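Just so it is clear: chains get the letters A, B, ... in the order the sequence lines come, proteins before strands, and each one is counted from 1. As the structure is a prediction and not an experimental result, all values here were calculated from the model.
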Amino acid sequence: MRATWKRKGIRGLLMPAVLAMTALGLAACSSSSSSSSKTSSASATASAVKGTFYELYQSCPSNPFWGAVNNGARAAAAQLGVSLKIEDPLRCSGEEAQENSLLTTIINSHPAGIAVSVPYASALSANIQRARSLHIPIIAYNSIPPNNNYSVNPVEAYVGQPNYTAGVDLGKQLVSQYHLTSGDTIMVADQCYTNTTCNARYQGVESVVDPLGVKVSVLNLDYSVPTSAGIVKSFLQTHSRPTLVVALGSAGEEEVVDAAQALGLKPSQLPMVGFDDDAVTNTYMIDGWVKLTVDQQPFLQGYDALVDLYDAVRYQAYPINMDTGPVFVTHTANDIAKGWFNPSVVSNTGI
Amino acid sequence: MSADLANATTAQDSASPPPLPSVPRPLTSYVSGRMIAVIGVLVAVLAVLTGTSGGKLLSATNLGGALDASSEVGFIAIGVTMLMIGGEFDLSVGQVFVVGGLAFAGLDKHIGFLPAIIVTLLLAGAIGLINGIITVVFGIPSFITTLGTYYAIAGFILLITGASPVSYLPPLPHVFSVFSAHVGGLGFRWEVVWWIGLAAVAAWILHRTSFGNHVFAAGGSPEAARGTGVRVGLTKIVLFVACSALSAFSGIVLFCHLGSMEVTAGSGLQLQAIAAAVIGGTALFGGVGTIFGGVLGSFFLGVLTVGLVLSGASTQYYELFVGIVLIGAVIAQVKTVGASRFVHALFRRNSGR
């Protein structure tokens, strides 16, 4: 009898245990989230600005670029003593519906201000207009459609540098530095083929070099590193060696270097330029593979966006546009930097 | 799991056993132990999120927002639930969703709103037909068939679009408001009404028609179903077609709402739809489930997103809790089947049966 009672007791406890676990988890996440912004919330009581600021971005948290953006935002929140929440869509691609849904909920919670990345022509348009009609300060950061039509996406300001513009600037830099002319070839390592960010970067570069007659070959490397490296290797074996390689992000650099090393090429035989200044790019730059990278200052994008919103709420100052790039980081600059470079900071921030 | 099409159309057509009678399922069948568990878990999560959000979740605006957030997966979950009850999976629904949005966007400007919807649904239905025929005729597990079509369609989409999203600039055509306009002051859009309406139709078909009986029979025990004259293969093919059409419809609705469609918008949707169906009490291997459960499962996913944000938590907790609740819901369903026996017995006694 005792044994039977025990078994039933355990069974009976299972469902309540699961429900309790869920409940505790949800309660914990709520409190942990509060504690994550403990510093800012604590000082928020003393701050002149009430309410919560939001930064909502279109990518996923595993992206090191966004780690740096978010660290910038958190640093600004701590310094200003305001409450900040950072939200991202639940998927790392095809995120426009999720981002729009999150923006709806954020607006419904009547925040102090919103910074939102806007990589789509119109998907967030209705919500941006709604925030304006509710007098919630809303600015775009990091992404904004090329030649943004402010009647469609009526954000009050933009902080960052559009990826298309970064691509154009890199294209101009390459033409000037490598004297690109008709007959030269560029191999583009595109590890984020379906991503609006990479598309914009590529289109920017292409808009400059294409009219000069430079031939551009795009390799879709949206696969595992060995598979993608195999694609690069095959390309290099079957085509004449390109004048330049443009990697649209550090993942692409990894695959190009892997293939080049397998073919016995030296860094000087396959000059490469890239986007973003993260730990991977820095390593390849020190090794000589990457000659130049575009730094769009992700830390400042997150930091300045919150400062812009804060000024709007605290001082009724109309938000202003802030251009954060591009900064071209070269091997020489990196040599200087590595004197004070802290590897633990690199892995945490991606800068 | 799969039957041969020949069985479906020839041998079984001439089989001597009489077809299953069109007997409406008793109302008590909706109050199963699984459903009690599903509702229990949902209420518990809702209660916790209401508490952590300081009651904000229960406002009409925020509940409406949760419904809006649910409908994208919700349309797909209707088809996925029916297909899973019929004993099959469809992993290609995420890509068919994108095909729906892109095809509609391409056709709408040329042939008009309604014809574009019809042609898009026919196109999606053709994809479902291919999935069904490959699964049924060649006896390939639907998991493999639809994984293959998932990749094939994804590649096709990239080739056609060059990975660029398709967008309309505002103002969007007024006719799009049949899906995207807000319903009075209720906080949600007409797409939610379409979702619930289609779910009601699907529930009626599943629980009140002989075809619905065939679906349960085909998923629960295909051999026994064949023995009673059910055309198992044909039933499954129809389910594949319906599943694809509903996925494409969801893509159309999203396009009318946002005015754009990204080529990767369907990534992960298939798993969310399966999660919604399973949280809603649908058995993984067929024969058990309800549309109502699929709707509740979808609503759970929507309410979790909105509730987390309103609670001040990061959405990075979302997948963690979906995982916990998915496992918890299934454990709860398994452990509460006894309750359904009690309810059934109670109804039988009261009705003198």
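- Expressed to the nearest 0.5 Å, how far CG of B:L308 lies from CG of A:L102 amounts to 10.0 Å.
- Of the atoms belonging to A:L124, not a single heavy atom falls under 4.5 Å from chain B.
- Note that OG1 of B:T305 and CD of A:Q98 are 8.0 Å apart. Values are rounded to the nearest 0.5 Å.
- Atoms CG and CG, from B:L258 and A:N100 in turn, are 5.0 Å apart once rounded to the nearest 0.5 Å.
- The nearest pair of heavy atoms linking B:E72 to A:A97 is OE1-CB, 3.8 Å.
- For the set B:V306, B:L310, B:V98, the entry with the most heavy-atom pairs within less than 4.5 Å of chain A is B:V306.
- The minimum heavy-atom distance linking B:S260 with A:A123 is given by the pair OG-CB, 3.6 Å.
- In the displayed structure, B:Y151 atom OH is contacted under 6.0 Å by at most 12 heavy atoms of other residues, nucleotides or ligands.
- Contacts between A:T105 and chain B at a heavy-atom distance below 4.5 Å involve backbone atoms as well as side-chain atoms.
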